[in-house]
Structures are given as C-alpha cells and as structure tokens.
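Order of the sequence lines fixes the chain letters, A, B, ..., with proteins taken first and strands second; residue numbering starts at 1 for each chain.
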Amino acid sequence: MGIVHGQEMVLNIGPQHPSTHGVLRLQVRTDGEIISEIKPFIGYLHRCFEKHSENVTYEQVIPFTDRCDYLASMANNFGYVVAMEELMDIKVPERVEFIRVIMGELQRIASHLLALGVYGLDVGAFTPFLHMFRDRERILDIFEMTCGARLLYNYMWVGGLSHDLPVGFMDVTYNFLDYFEPKIGEFNDLLSHNKIFVERTADVGVLPPDVAISYGVSGPNLRASGVKWDIRKDEPYSIYDRFDFDVPIGEGIKGSVGDCWDRYYVRMLEMMESVKILRQALSQIPKDGDVHQTIPKKIRPPKGSIYKRTETPRGDLGYYIVSDGSPVPYRVKMRSPAFTALSVLGEIANGWMMSDVIAILGSLDIVLGEIDR
Amino acid sequence: MSKEREKLISDAVEKAIAGDMDAINNIEDRVVRSKAKAALAKAKRLQKDGSSPDADLSGSDVPTVSNAPSENPNRMFGDRINQKFPGSLDGDLKDTHIQLKPDQWNDIAIWLKTEDDMLFDSLQCITGMDMGEDILEARYNLHSMKYRFAIEIRIAIPKNKAEIPSIEQVWRIGDWFERETYDMYGISFSGHTDLRRILLPDDWEGWPLRKDYEVQETYHGIVVPKVKEGWE
Amino acid sequence: MGRNMGRYFKDIWETLTTLLTGMSITWLHMLRIKKDNVTLQYPEEKWPRPERNIGHDHSNYNVIRSRLHVDMDDCIGCLKCERACPVDCIKIDTVKVPERGKDIKEVGHVGITSNGTRKALVVTRFDIDMTECCYCNLCVYPCPEECIYMTGGPNAKKHPIDYEFSEHDRSELVYRFAKPGSKDGIERIMAEQEAES
Amino acid sequence: MTVDWIFEWLNGLFTTLSGNPFFLIIAILVPCLALFGFITVYAFVVIYMELKVSSFIQDKVGPMGQGVGLHAGKWGVLQPIADALKLLTKEDIIPESADKPLFIMAPFMIFIGAFIGFIALPFGEYIIITDLNIGIFYILAVGSFSVIALILAGWASNNKWSLYGGMRSAAQIVSYEIPAGLSIVVVIMLSSTLSMQGIVKYQEGGIFNWIIFTNPFAFVAFFIYFISAMAETNRTPFDIPEAESELVGGFHTEYSGMRFAFFFLSEYANMFVVSGVAATGFLGGWQSPIPGYFNTPLWGIFWMLSKTMFLVFMMIWMRWTFPRLRVDQLMNVCWKVLLPISLVNIFGVGIWTLVFG
C-alpha cells in the first residue's frame with residue numbers, strides 16, 4: 001500500500017474531536033490516508049486524584065474514585081473498597097458481598113453497552129448506539145433506585161454499603177434480565193455480523209498476546225488477544241469464586257485473533273456472562289444481614305501498604321494504598337486499565353488508514369477520566 | 001522421558017512435604033527442580049487453603065497480602081535475586097517486598113522477565129512514593145502470568161540524586177509508567193528514550209505529589225490556585 | 001488481495017444477507033414505535049414515568065440525590081456535615097447562645113429542635129455552594145438532627161424533589177440557609193448582655 | 001415543453017414584439033422559479049421524513065410539539081422550518097485563512113449541480129421543463145458537476161479535515177459515475193432513446209412493462225444504479241467525505257449558517273434527482289402501474305412523486321442502518337464489484353433482447 005510516498009502531513013486528532021472518547025490529542029503523521037506515526041498526548045483531564053486523596057479521609061476518597069472511570073464508577077468503588085477491607089482485615093457480611101457482585105455485574109453490562117454503542121458510532125452506524133443506550137438507561141434506573149445517583153454512586157463504603165436494596169429491587173432486576181437477554185441477539189444481527197462492520201473491523205489493529213502482556217493491557221482487550229486472564233477467576237476477590245461463568249476469549253471468528261472485531265465481540269459475550277452471574281447472585285442472595293454492620297466508625301487502618309486488583313469492565317484496576325495509621329491516606333495510587341490500553345495504540349495502529357485508527361481507538365474502549373485521573 | 005521426570009518430581013514433592021527439603025534441592029536438572037518447587041508450593045497451598053496473611057508485625061509495614069503460595073514469594077525471590085546478583089539487596093529480606101539498590105536494577109529486571117521458571121512478564125504498576133526525610137522510592141509490582149506469582153520491588157533513592165535505570169525496554173508499559181512517576185515525583189529514569197511529563201504540561205514547575213510541593217502562582221498568566229471571593 | 005472467485009461471490013452473498021437482516025430489524029423498530037418509544041416530551045412529561053418503564057417511583061427509594069436543603073430550625077451547628085464534605089462546599093459560623101434552649105425572637109432562633117435537643121449555638125451562617133457540591137450524600141449521614149438532606153425521594157414529605165435549579169448567575173447557586181440578619185442581631189444581643197453584666 | 005409552450009404563448013399574446021429574447025428569458029425564469037419553489041417544499045418534506053424515520057428507527061418519536069409552546073408544530077411538523085430559520089440566523093463564519101472567493105462560491109456551485117439536474121425530469125405527459133432529446137445523458141453529465149464544488153469546498157477552507165473530505169469525495173463520486181452510467185446504458189439499450197419522455201413512453205402499459213421487470217439483468221441494473229446513486233450523493237454507507245466520526249465534518253467542516261444550509265439542501269436535491277432518474281428509467285416514471293387507469297396528468301405527477309419519494313425513503317432507511325465503508329473498501333466495491341456486474345448486465349440485456357426480441 002505504501003508504494004507511493006507523498007509529502008507527510010502532521011495532523012492533530014485534537015482534544016476536540018468527535019471520537020477520541022474524552023479529551024485526548026493524537027499527534028498523527030500521515031502520508032495521504034496512511035498513518036505512519038501516532039503520539040498520544042494525555043493530561044487534559046488530569047484532576048489530581050492522587051493529590052486529593054492525600055488530603056481527605058479514607059471514606060471521603062470514595063466520591064473521588066467514582067470520578068476516575070465515570071462510565072463504570074461502581075467498579076471503581078468496588079476496587080477501592082476491596083483493597084481497603086483487605087488492608088484493614090474487615091470481613092463484610094454475606095449480603096453485602098452479594099449486593100456488591102450484583103452491582104458490579106450490572107455496571108459491567110452498562111459500561112459494555114456504552115463501549116459497544118460508541119464503537120458502532122466510530123464506525124459509522126448510528127442506530128445501534130441508541131438502541132444500546134436505551135438498555136443502558138434501564139440499568140441506570142436500577143442504580144438510581146438503589147443509591148439515588150445515576151452515574152457517580154458513592155454507594156460502596158469501606159466495610160459495607162451506604163444503603164440496603166430498596167423494596168422491589170429483585171423483580172425489577174429480574175425483569176431487566178429477561179428483557180435484556182434477547183436484545184443481545186438483536187445487536188448481533190444489527191451490527192456484529194453486518195458485513196460492512198466486519199469489513200471495517202476484522203483483521204484491523206491486531207494485538208498479539210505477548211505485546212499485550214508487555215504493554216500491561218488487561219481486561220477484554222487482553223482476552224480478545226487469546227490470553228485467558230480474568231481477575232474474577234484467577235485472583236478471586238469478594239465472592240466471585242462461588243459463581244460459575246466462563247471467560248470468553250477472542251478466537252478470530254471473523255478475522256485473526258486479537259483484531260478489532262474480537263475486542264468488540266468479547267465484550268458482547270462478556271455481557272452474556274454477566275447476565276449469567278447476575279441470575280445466580282440474585283437467586284442466592286441471603287435475605288438478612290445489615291449492610292452498615294461492619295462499617296468502622298473511624299477508619300484508621302494499621303500502618304502498611306497494599307496493592308489489590310479487581311476486574312472492571314475496562315480491565316484490571318489496581319489500587320496501591322499506603323497508610324501511616326492516620327485517618328488520612330499517605331498515598332493512593334490508581335493503576336488504570338485504560339492507561340495501559342491507550343499506550344498500546346501507538347504500537348498497533350501504525351500503517352493503518354485514518355478511519356482504522358479511529359476504529360482501533362474505539363475498540364480499545366478507553367476513558368480519559370481514568371487515564372488522566 | 002517426561003513420564004520418568006513426572007515420577008521424580010512427585011516423589012521429591014512427597015519427601016519435601018514430609019519436611020526433607022533437600023530432596024528437591026539436590027535435583028541437578030534446573031528445569032525439573034523448578035517444576036518440583038512449583039508443585040511443592042501448590043501442594044502446600046492446597047494443604048493450607050485460604051492462608052491468612054502471616055502477620056509479621058515486626059517490620060514497620062503490615063505485609064502485602066499476596067495470593068501466592070504460603071511461603072512468601074517476596075522472600076523466596078528475594079533470596080534468589082540475592083544469589084544471582086549479590087549485593088543488590090538493600091537491607092534484609094521482608095515479607096512484603098524486596099528492597100533493591102538502584103544500580104543493577106536493569107539486568108535484574110531482564111533476568112526476572114526471561115528466567116524461565118519465574119517469567120515475570122507483566123509489570124503491574126510503578127508507584128512513586130515520597131518517604132519523607134528526602135528519600136524517594138519507586139515501587140514495582142510484578143506478576144507472572146504463567147506461575148501466578150506476584151512480588152513487589154522497591155528502590156529507594158535520595159531526593160537530590162533521584163536516578164533509577166529505566167526498564168522501558170524490558171516491559172513496554174514501563175515507558176508510560178516511568179514518565180508518570182517522573183512527572184509526579186521527579187525521579188528521572190536513565191536510559192528512558194523520551195522522558196518527559198505525561199500528565200502535566202511540559203513546562204510545569206515542581207513535582208506535584210512530593211509532600212513539600214507548593215503550587216506555582218500563575219501558569220502562563222493564569223492564576224493556578226482557585227480563588228473564590230466571598231467564600232472563606 | 002488474491003481472493004479467489006468462490007470467496008468473491010460468498011462476500012457478495014454475505015453482504016446482501018447481513019445488510020437485509022439489519023434492515024429488517026430497523027423496519028421492525030419503525031413499525032413498533034408506538035410501543036417502543038422511550039422518550040419523554042420534557043416540559044409536559046416529567047421524569048420518572050414508571051408506567052412507561054422509564055425510571056421508578058421515587059416513593060420506594062431509600063436515598064435520593066438532588067439539591068441539598070437544610071431545615072434551619074433543627075440545625076444545632078455541630079459542624080459534622082462541614083467536616084464530612086470531601087470538597088468543603090459547606091461553611092458554617094455559629095455564635096454561643098446566652099441561655100440554652102431559649103428562643104430568641106429577633107433572630108428567629110428556635111431554642112429546641114424537633115428531636116427535643118436544646119440548642120447551645122445560633123447558626124449565623126450556613127452556606128452550601130451547590131456549584132461545588134458533588135452530590136455524594138456524605139453530609140446527610142452524620143447529622144444528628146437529620147436537618148440536612150437531599151430534596152425529594154424519601155424526604156419528599158419534608159421537601160418535594162427539585163432538580164431544575166439552574167440559575168443565570170453562578171453566585172446565586174450559593175444557598176444561604178442561615179436566617180437573614182441573624183449575625184448582627186445576635187451580636188447586638190450579646191453586646192447588650194455584656195453591657196448589662 | 002413548458003419553456004417552448006410559454007414562449008409561443010407570449011409570442012401569441014404580444015404579436016408585435018414576438019420573437020424578441022426578453023420573452024425567452026421570462027419563459028426560462030417562470031419554470032425555474034416554480035422549480036425553486038418545488039425544491040424548497042420538497043426539502044421541508046424530506047427533512048421532516050428523515051427526522052421522523054430516523055427517530056422511529058431509534059425507538060424515539062422525534063420532535064413532537066404539543067402543549068403550550070407548540071414549538072415544533074403538531075407532530076413536529078414545524079421542525080424543518082425551525083431548522084431552516086436556525087441556519088439562516090446563525091453566524092456565517094468564513095475562516096480567516098480560507099480562500100475567500102472560492103470558499104463563498106463552493107456552496108452555490110454544488111447547489112447549481114443539483115438544481116439543473118431537475119430540468120429533464122418528466123413529471124407528466126406535458127409537465128417537464130424541457131424535453132431534451134438527450135435527457136438522461138444530460139442528467140448524468142450534470143450530476144458530476146457537483147464534484148468540482150466538493151473539492152473546491154474541501155480545498156478552499158484551508159483545513160486539514162476538509163482537505164481530506166475533498167480528496168475523498170473526488171475519488172468517490174468520479175469513480176461511482178461509471179457503474180451508474182453503465183446501468184443507464186441498459187435502459188437506453190431497451191428503450192433505444194435518450195430522451196426521458198421516450199424512455200417513459202417505452203414503459204407504458206402497466207407494471208410489467210417497466211424496465212425493471214422486463215428482464216433479470218435490468219432488475220440487477222436497477223440495484224447497481226441505486227447503490228452508485230447513493231454513493232454519488234454521499235449517503236451512508238458511502239458518506240466518507242463528510243464522515244463525522246473520522247473527519248469531524250469532512251468538506252463542510254468550516255461552513256456554518258446559510259452556507260451549510262446550501263450543502264444540506266443540495267444533498268437532498270441531489271437525492272431527489274438520482275431517485276427521479278431511477279424512477280423514470282426503471283420504474284416507469286409517471287406511468288401508472290395499472291394499465292389504462294389513473295393516467296391523467298395529475299395522476300402522473302402523483303405516480304412520479306410517490307416512486308421517487310419511495311426511493312428517497314429507501315436511502316434514508318439505509319442511512320440509519322449501515323456503518324460506513326473505508327475509502328479503499330469503497331473503491332474496491334466500485335471497481336471490483338459494481339463495475340463487472342454492470343458490464344455483465346449490458347451483455348446480458350443484449351443477449352436477452354436478441355433471444356426474446
């Protein structure tokens with residue numbers, strides 16, 4: 001393709017661009033349509049999460065963790081809370097564990113719906129985006145019913161939850177699951193197997209497994225490259241080891257393993273798995289158990305440090321919390337999965353065309369709030 | 001051949017569980033010895049499932065709860081590093097992490113990644129720390145996809161000579177992690193191909209996450225600290 | 001791209017079938033619009049519409065997130081909400097009351113709260129800057145008198161839901177809940193007390 | 001017809017001044033103003049249709065003006081007018097570094113490209129602006145005029161994104177004219193005339209005389225023409241020149257206000273022209289599907305409009321269902337799929353008429 005070398009042009013897919021999934025600038029050197037070099041510039045959405053968390057108490061950090069990955073903030077809370085409870089050696093009651101898993105999986109479906117819908121938008125299909133958002137709204141209604149908020153919840157606290165489940169939560173969620181399951185089939189017909197979509201995404205931006213591991217890529221992007229690594233299965237936290245669900249990996253059905261289509265389709269399969277987990281969790285949830293029981297009055301963890309990872313919709317989110325015994329954290333470092341996913345863009349998007357770079361960026365499903373923290 | 005090796009490993013593990021450790025140690029073939037060690041570790045973990053963290057309250061740090069075999073990986077790999085690179089350890093072995101001196105760090109990293117019975121192929125995260133009394137520290141969390149070991153390596157450096165060899169070529173994600181640590185703490189990683197600030201604008205003064213950091217008054221004429229009249 | 005002839009015709013056939021299935025789905029959506037419509041005509045239809053599967057009835061909520069409101073009569077000035085706020089958007093000033101539990105008419109200070117605790121402080125300034133509030137609800141939990149709460153939902157009896165509180169000027173979003181004129185009123189009273197004693 | 005008809009009528013009226021050019025100007029102006037009126041009405045209708053169809057597809061009802069404000073009319077009918085007013089009153093920015101004269105000229109050129117295509121479209125026995133004897137050839141030729149305007153818009157606004165948009169549209173529209181032209185050759189071979197009225201006359205006598213049903217090759221030629229016509233008017237899945245998600249706005253990134261409205265309007269006008277040609281060439285123009293009934297001139301207009309609007313509806317429907325092709329895939333589809341099939345069609349039609357007469 002690159003036989004004719006025209007004059008190279010430096011183009012800024014700038015912070016203000018319809019498909020950069022947030023405020024990101026890609027400095028791209030293009031030769032006609034073909035991209036020869038990409039340099040991502042991040043930091044436009046840097047809100048000093050780590051500096052803030054050194055000045056507020058442990059429970060006040062939770063609203064800040066919401067705002068890192070604002071599309072999956074329940075998963076951020078979950079990660080922080082699991083890390084804190086392991087640092088302080090708190091054993092939360094069963095009911096809290098079950099509610100957390102239910103909320104985490106609902107958030108995974110909602111986040112994947114958004115990721116797949118917006119990916120359809122990047123490739124030009126407008127309608128699936130709105131269909132997926134209609135279903136995502138149903139989940140946000142469930143969240144609003146439980147914790148009042150639709151996007152940034154501050155629902156999971158260290159040692160428990162802010163509120164117990166509201167009346168009628170069970171059948172609302174069951175209705176949603178029954179409503180949602182056939183919809184995945186419809187999305188597949190409308191977008192996944194659409195020939196134009198397949199042409200645009202199969203064999204595009206192939207991420208080989210060893211490059212993925214070396215770049216620290218995790219979550220659906222890593223599984224799409226054929227590496228079977230899911231923290232819910234491999235480093236089980238909370239009560240994920242009680243549920244049986246399988247971890248879908250990319251098989252290169254439409255193209256080669258690890259291409260954009262696989263990253264898209266792995267998320268679609270993961271939504272089905274989450275529905276499976278939700279059904280099991282909803283059936284086994286214990287009725288009694290107070291969610292405020294093990295919330296410590298004054299959070300003063302013992303001196304020490306901990307690094308704990310959990311599986312968020314975008315990958316494994318790690319919290320490195322260092323406490324010096326005072327109620328204010330000494331250091332909270334958040335290892336963001338989207339940060340590593342974006343770093344691999346420079347490697348796999350070279351040599352592709354302009355529209356492919358947008359497709360590859362979309363398939364990595366990054367959120368700039370989490371990258372810049 | 002492998003059937004006979006299997007038998008060799010299984011009975012070595014039996015003896016080791018019964019307490020006779022050198023049954024494994026005197027296996028000449030390095031690969032078989034490491035497989036035996038891994039099998040022993042797994043057997044011990046099954047024996048004592050859900051091992052609660054052995055609370056070693058001696059050190060100032062509560063141990064990082066590692067999900068690896070009951071024998072703490074940090075200690076196990078710490079002494080292996082010490083054997084391979086004598087003098088690189090900084091202080092004695094701890095359960096929570098391995099304290100290293102910065103100078104040999106690059107070849108230790110290459111060795112950790114390529115050694116076939118360790119294969120620490122995924123660098124989880126680099127955390128910068130300001131330990132107070134002008135000591136900076138970079139903490140590396142490494143993880144082996146194959147053997148599921150997770151260790152934490154810490155390298156402490158004085159603030160005035162904040163210099164750590166870069167591992168950007170060993171784990172490619174090190175590139176951005178190191179740039180972020182440099183951006184926040186001012187630890188300059190020698191050998192890094194393009195070390196510049198990643199989150200903050202390039203001409204920002206000071207290292208924000210250091211404890212003694214004061215916000216600069218204006219940046220290109222824009223007042224930086226938020227001023228809200230009629231509020232305080 | 002040496003696709004052989006078989007692949008060529010298979011591609012065309014695949015394109016036709018998948019595109020037509022896609023169109024059939026959108027055609028069904030067009031037909032079922034009466035049933036599937038999910039949008040509200042905002043000024044006329046307000047959120048939520050449980051009967052149309054949009055949102056749930058606010059009455060059975062445990063918690064709601066909307067604008068903060070403070071019942072000043074119940075506020076004893078304990079500053080717990082100010083400390084709980086992660087973004088410091090609450091500012092409270094209090095002045096000691098000469099006698100606990102007494103009403104002070106000029107300042108509109110009610111001595112005893114609805115829970116029966118006798119107040120020791122007059123709250124002269126209670127400002128919440130709603131532009132900075134992050135709606136995390138952390139200030140509501142520590143309040144002993146439950147006087148600070150978010151409007152609507154379970155608190156609908158005390159204050160109906162209010163999520164249309166946008167203003168033209170940002171400074172109007174700083175809500176001042178303290179009784180107007182209570183600051184200099186209480187100072188004058190304290191001065192008179194000194195003068196008498 | 002109408003131009004000559006008005007011209008004779010004026011000569012007859014003022015016999016003394018008969019034959020002077022002033023009458024000719026009036027004769028041309030009157031149908032043009034009528035056509036301009038028709039296009040604005042059609043634009044409102046098609047904008048409303050696109051609004052409602054896309055909303056229904058996406059499970060929403062689109063703008064419905066009920067209640068106090070009645071802002072968008074009973075069923076949102078006034079929304080297109082609201083859009084037009086918005087575009088009229090919006091500030092019309094000309095970038096400082098843009099090439100001012102060319103920048104201003106581009107929207108008018110693209111509108112001309114779409115506008116003059118209407119002249120040869122027959123709406124009825126006598127309702128056609130001028131029945132050129134090379135009607136269909138004229139429309140195809142004029143159709144390619146808007147390419148120049150797109151490249152001009154892309155280059156003149158001195159913006160990297162519009163440069164991309166302009167270059168892409170050049171490649172796309174020029175290469176899609178070939179399969180379009182070749183499928184029209186099928187129509188000409190069957191009706192052995194270039195004039196639009198002649199083509200329509202060939203297809204009179206009910207639905208089974210329409211060219212689309214005469215033989216299977218013509219049936220395929222209709223779809224080839226329709227696909228390449230969609231590509232010519234930059235409609236998804238071929239809207240690569242103005243791909244929002246990649247090129248921010250493609251060739252009309254820098255345009256705003258009334259100039260953007262011209263691009264908008266000419267895209268819809270172009271859609272009508274190509275659908276009109278497809279309806280006339282393959283679906284029997286103003287002929288009624290039932291032989292012998294409903295073929296008064298008024299009915300003629302109804303048939304022509306309903307067929308064309310159906311094809312416009314198909315374009316809108318496809319736009320909200322399919323993703324967008326990549327540039328090289330677009331070229332691949334044109335040169336390796338549409339072109340060979342249209343050549344086979346021509347060959348097939350030749351054999352078919354030879355064998356079945």
Quiz prompt | Where A/Asn194 and D/Thr321 come nearest, the two heavy atoms and their spacing | solution =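 The pair with the smallest heavy-atom distance is ND2-O, 4.2 Å.
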Self-check item: Minimum-distance pair of heavy atoms, taken over all atoms of D/Arg168 and A/Ser355
Solution: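 What the structure gives for the nearest pair is NH2-OG, 4.0 Å.
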[X], [atom1]: over 12 other non-hydrogen atoms inside 6.0 angstrom:
X	atom1	answer
D/Phe310	CZ	no
A/Glu186	CD	yes
D/Trp320	CH2	yes

Quiz item: Does the pair A/Leu130 and D/Ile57 meet the rule for a side-chain contact (heavy atoms from CB on, under 4.5 Å), with working shown?
Solution: CA-CA 9 Å; A/Leu130 282 153; D/Ile57 283 180; over 6 Å; no
Self-check item: Winner by heavy-atom pair count (cut-off under 4.5 Å) against chain D, out of A/Leu121, A/Leu190, A/Asp356
Solution: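 Of the candidates given, the most pairs with chain D belong to A/Asp356.
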Exercise. For each of A/Gly362, A/Ala125, A/Gly120, tally heavy-atom pairs with chain D at distances under 4.5 Å, and name the one with the top tally.
Key: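 Ranked by heavy-atom pairs under 4.5 Å with chain D, first place is A/Ala125.
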Self-check item: Basic-acidic side-chain contact under 4.0 Å: D/Glu246, A/Arg200
Solution: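 Yes.
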Quiz prompt | Check ion pair A/Glu33-D/Arg326 (N to O, under 4.0 angstrom) | solution =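 Salt bridge between A/Glu33 and D/Arg326, a charged N being under 4.0 Å from a carboxylate O: no.
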Exercise. With a 4.5 angstrom heavy-atom cut-off, could you sort out which part of A/Ile358 is near chain D: side chain, backbone, both or neither?
Key: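 Contact with chain D is through the side chain of A/Ile358 alone.
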Quiz item: Where does A/Val198 contact chain D at under 4.5 Å (heavy atoms): side chain, backbone, both or neither?
Solution: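 For A/Val198, neither part sits under 4.5 Å from chain D.
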Quiz item: Contact part of D/Arg319 toward chain A, heavy-atom cut-off under 4.5 Å: side chain, backbone, both or neither?
Solution: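 When you check distances to chain A, no heavy atom of D/Arg319 falls under 4.5 Å.
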Quiz item: So, do A/Met353 and D/Asp328 sit near enough that their side-chain heavy atoms are less than 4.5 Å apart?
Solution: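 Side chain of A/Met353 against side chain of D/Asp328, heavy atoms only: contact under 4.5 Å found.
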Flag, side chain of [X] to backbone of [Y], donor-acceptor distance under 3.5 Å:
X	Y	result
A/His131	D/Asp59	no
D/Lys160	A/Met9	no
D/Gln329	A/Glu199	yes

Quiz item: In Å and rounded to the nearest 0.5 Å, what is the CZ to CD distance from A/Arg134 to D/Gln58?
Solution: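 Taking CZ in A/Arg134 and CD in D/Gln58, the distance rounds to 11.0 Å.
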Quiz prompt | Atom pair OH (A/Tyr119) and OG (D/Ser245), whose distance is rounded to the nearest 0.5 Å | solution =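 Atom-to-atom, A/Tyr119:OH and D/Ser245:OG are 10.5 Å apart.
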Exercise. Could you tell me how the ring of A/His17 sits relative to the ring of D/Trp161: parallel (under 30°), tilted (30 to 60°) or perpendicular (over 60°)?
Key: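 Rings of A/His17 and D/Trp161: tilted, 30 to 60°.
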Self-check item: Pair A/Thr30-D/Tyr164, side-chain contact (heavy atoms from CB on, under 4.5 Å): steps then yes or no
Solution: CA-CA 11 Å; A/Thr30 62; D/Tyr164 263 102; 3.2 Å; yes
